[in-house]
Amino acid sequence: MIKHGFIADPSLSFSPSRTTSPAKLSSSSPPPPSPPPLNEPTHSNPTLFDMMSEEHHREQPPRRKSHARVAQIMAEFKNGVVYDAPSDVKLTVVGRDGYRVTMDVHRKVLSEKSRFFMAKMSSRREKGVSHMVEISECDDVEIYVETVVLMYCDDLKKKLVGENVVKVLALLKVSAAISFDEGVVSCLEHLEAAPWSGDEEEVVVSCLDELHLPEEEVGLILQRVSSEPTRDRTDDIFLKLLTGVLQAKDDKARREMKVVIFKLVREEADHEVSKETLYGLCHRCLTSLVLCLSEVTTQMNDPGKDRGALMGEIAREADNMLWMVDILIEKKMCDEFVKLWADQKELAELHAKIPTMYRHEISKITAQICVGIGRGRILVNRETRFAVLNTWLEALYEDFGWMRRLSSRSLDRKLVEDGLSQTILTLSLRQQQVILMKWFDRFLSKGDDCPNVQRAFEVWWRRAFIRQVIAEPDASQLQTLYD
């Protein structure tokens, strides 16, 4: 068939999503390699060409802007390419919307640069007759045209400088589809050297996974976002980060990095930091807190000592301990710490010897434990729940007024009161009675300086006197609470 004065070779018309039948090829020619499908995404994220469309068509109507860009590329190609032989191939690129572009190109260039074109144009060839090659059903005509133009560049790496990551990924996909090896290598080198945004990072990883390129070609790129750390290496990193924050000298930087590290710990799922690492740090924090309170008990009556500095030291150590408790709760590892906190008799005795204005930050740890228990995020047996209140509830009552006044921004009073109420209500009815009757007396004398657990009081009352509940006979479990 004659088309525009050239002989049309059926074997030279192909679609990137369709394989040419070998029966149409010359018997002396091997079947050409088929490019991978470019229109079948293998993941739920937006396709690369979707992102290209969004990138290129924000301001003008999509077709008009794309067609204008293609026309510009074609004009630059026609005026800028210097080649020592006349063109001998008519290459037509057809989009899915029917938009088509025809380029005058050179068989020698396409065959040398692309193994796909070399196979396509190795069939019958008559002297002085041009080939006609058609690429149909293209997702993005502009990218196909640009990829062909790149085959004429002497320095592909330089040509890609300044291009955004999404554009380079699109060129990479087409280069891989037509076996343009130099284009693939140049695009990969660009991706390895260029910075990525958060969204681009996901698209890069998804695209490289979809293309199934050799590991030696993409491994260096993917090392930016993935590795295979061992448990020991993960623990070492976490230990260094957590220790650095706990020992930080600049308070503002310490507060900022606590927020950052806690966020990362919350997101960290694939490589769990070990319980041994976290509890090792908890024991260090407890030791530091005991030493700090011991020093304060001997120095607080010294007129030469700065009281503000003493308060700052206790607040810092208590805040470190509280941060570790938050991490344990987040990692669902806090059950053992509740028993550890309940056993801190020496610390509780030192706490009682120090004025409330110095020590109140320590009671935030007890408050956070009660919140965790009350919200079901810490699961411990009743003996341990009762023990932690037996050791620390009186101190929480004493410190609550200072906590409320000096930590109004960081302390969620309702959250603490709800957590304490729920914790009390998990105990036996006899234990609830002892705790809540003591609270009743304190609340009437202290008012807002005492946590309001009225809801727990009402529930206990209904359980004890309205519902027919069998009372527990074992009064020995009351132990020595408030003795």
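Scope of the values below: all heavy atoms of this structure, side chains included, with no hydrogens, waters or symmetry mates.
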Side-chain contact, heavy-atom cut-off 4.5 Å: Trp392 with Leu347? yes
Give a yes or no on whether the ring-centroid distance for Trp460 and Phe440 is below 6.0 angstrom. no
Sequence neighbours left out, what passes side chain to side chain donor-acceptor pair (under 3.5 Å) with Arg455? Give chain and number order. Gln422
Please report the closest heavy-atom contact between Leu350 and Ser294, naming both atoms and the distance. CD1-OG, 3.5 Å
Does the Ser445 side chain pair with the main chain of Arg442, one donor and one acceptor, at a distance under 3.5 Å? yes
Heavy atoms of Cys334 and Val325 approach each other most closely as SG-CG1, 4.2 Å
State, to 0.1 Å, how close Met311 and Met357 come at their nearest heavy-atom pair, and which atoms those are. CE-O, 3.0 Å
Side chain to side chain, Trp196 and Arg224, heavy atoms closer than 4.5 Å: yes
Check whether any side-chain N or O of Thr391 sits under 3.5 Å from a backbone N or O of Ala342 as a donor-acceptor pair, and report yes or no. yes
Those residues that, when tested against Glu295, pass salt bridge (charged side-chain N to carboxylate O under 4.0 Å, His left out) (two or more places apart): none
Please list all pairs meeting ring pair (Phe, Tyr, Trp, His ring centres under 6.0 Å) that have one or both residues in residues 275-326, counting only residues at least two apart or in different chains. none
Backbone N or O of Ile143 within a donor-acceptor pair of the Thr147 side chain at under 3.5 Å? yes
What are the two closest non-hydrogen atoms of Leu425 and Ala456, and how far apart are they? CD2-O, 3.6 Å
Assess whether side chain to side chain donor-acceptor pair (under 3.5 Å) is satisfied between Lys414 and Asn452, documenting all intermediate values. CA-CA 9 Å; Lys414 187 177 185 305; Asn452 189 340; over 6 Å; no
Who pairs with Glu189 by side chain to side chain donor-acceptor pair (under 3.5 Å), at least two apart in sequence or on another chain? none
Looking only at heavy atoms, which two atoms of Phe443 and Pro451 are closest? And how far apart? CD1-O, 4.2 Å
Less than 4.5 Å apart, any side-chain heavy atom of Glu336 and any of Lys275? yes
Between Met324 and Leu278, the two heavy atoms sitting closest are CE-O, 3.6 Å
Can you list everything that forms a salt bridge (charged side-chain N to carboxylate O under 4.0 Å, His left out) with Glu317? Sequence neighbours excluded, please. none
From Cys450 atom SG to Leu444 atom CG, the distance as rounded to the nearest 0.5 Å: 9.5 Å
Taking side chain as C-beta onward, heavy atoms only, is Asp448 less than 4.5 Å from Arg413? yes
Got a sec, which residues hit side-chain contact (heavy atoms from CB on, under 4.5 Å) with Glu361, two or more places apart in sequence or on another chain? Ala315, Ala318, Lys364, Ser407
Ignoring hydrogens and angles, write down the donor-acceptor pairs under 3.5 Å from the side chains of residues 365-380, residues two or more places apart or on other chains.
from: Thr366; atom 1: OG1; to: Trp341; atom 2: NE1; distance (Å): 3.0
from: Gln368; atom 1: NE2; to: Asp326; atom 2: OD1; distance (Å): 2.5
from: Arg377; atom 1: NH2; to: Glu330; atom 2: OE1; distance (Å): 3.4

Side chains of Ser363 and His351, heavy atoms from C-beta outward: is any pair under 4.5 Å? yes
By salt bridge (charged side-chain N to carboxylate O under 4.0 Å, His left out), which residues pair with Arg254, not counting sequence neighbours? Asp251, Asp319
Could you tell me whether the side chain of Val93 reaches within less than 4.5 Å of the side chain of Tyr99, counting heavy atoms only? no
Do Glu398 and His360 come within less than 4.5 Å of each other through their side chains, counting heavy atoms only? no
Quick one: sort the Trp461 and Phe465 rings into parallel, tilted or perpendicular, breaks at 30° and 60°. tilted
Arg382 side chain to Leu427 backbone, donor-acceptor under 3.5 Å: no
Mind running side chain to side chain donor-acceptor pair (under 3.5 Å) on Ser421 and Asp418 for me, showing each step along the way? CA-CA 5 Å; Ser421 295; Asp418 287 348; 5.3 Å; no
Salt bridge (charged side-chain N to carboxylate O under 4.0 Å, His left out) against Glu458, all qualifying residues, sequence neighbours excluded: Arg462
Treating Gln431 as the side-chain partner and Ser428 as the backbone partner, does any N or O pair qualify as donor plus acceptor under 3.5 Å? yes
Walk me through whether Met257 and Val260 qualify under side-chain contact (heavy atoms from CB on, under 4.5 Å). CA-CA 5 Å; Met257 290 312 300; Val260 172; 4.1 Å; yes
Among residues at least two apart in sequence or on other chains, which ones pass side-chain contact (heavy atoms from CB on, under 4.5 Å) with Asp343? Lys339
The criterion is side chain to side chain donor-acceptor pair (under 3.5 Å); which residues satisfy it with Asp449, sequence neighbours excluded? Arg404, Arg405
Show, in sequence, the C-alpha distance, side-chain angles and deciding distance for Thr277 and Ser274, and conclude whether the side chain to side chain donor-acceptor pair (under 3.5 Å) test is met. CA-CA 5 Å; Thr277 296; Ser274 70; 2.9 Å; yes
Is there a side-chain contact (heavy atoms from CB on, under 4.5 Å) between Val203 and Leu169 once you walk through the steps? CA-CA 9 Å; Val203 178; Leu169 285 171; 3.7 Å; yes
For Lys345, is the NZ atom crowded, meaning more than 12 foreign heavy atoms sit under 6.0 Å from it? yes
Arg463 vs Gln432 side-chain heavy atoms within contact, under 4.5 Å: yes
Partners passing side-chain contact (heavy atoms from CB on, under 4.5 Å) against His190 (at least two apart in sequence or in another chain): Leu160, Val168, Ala194
Keeping Glu200 on the side-chain end and Ser197 on the backbone end, is there a donor-acceptor pair under 3.5 Å? yes
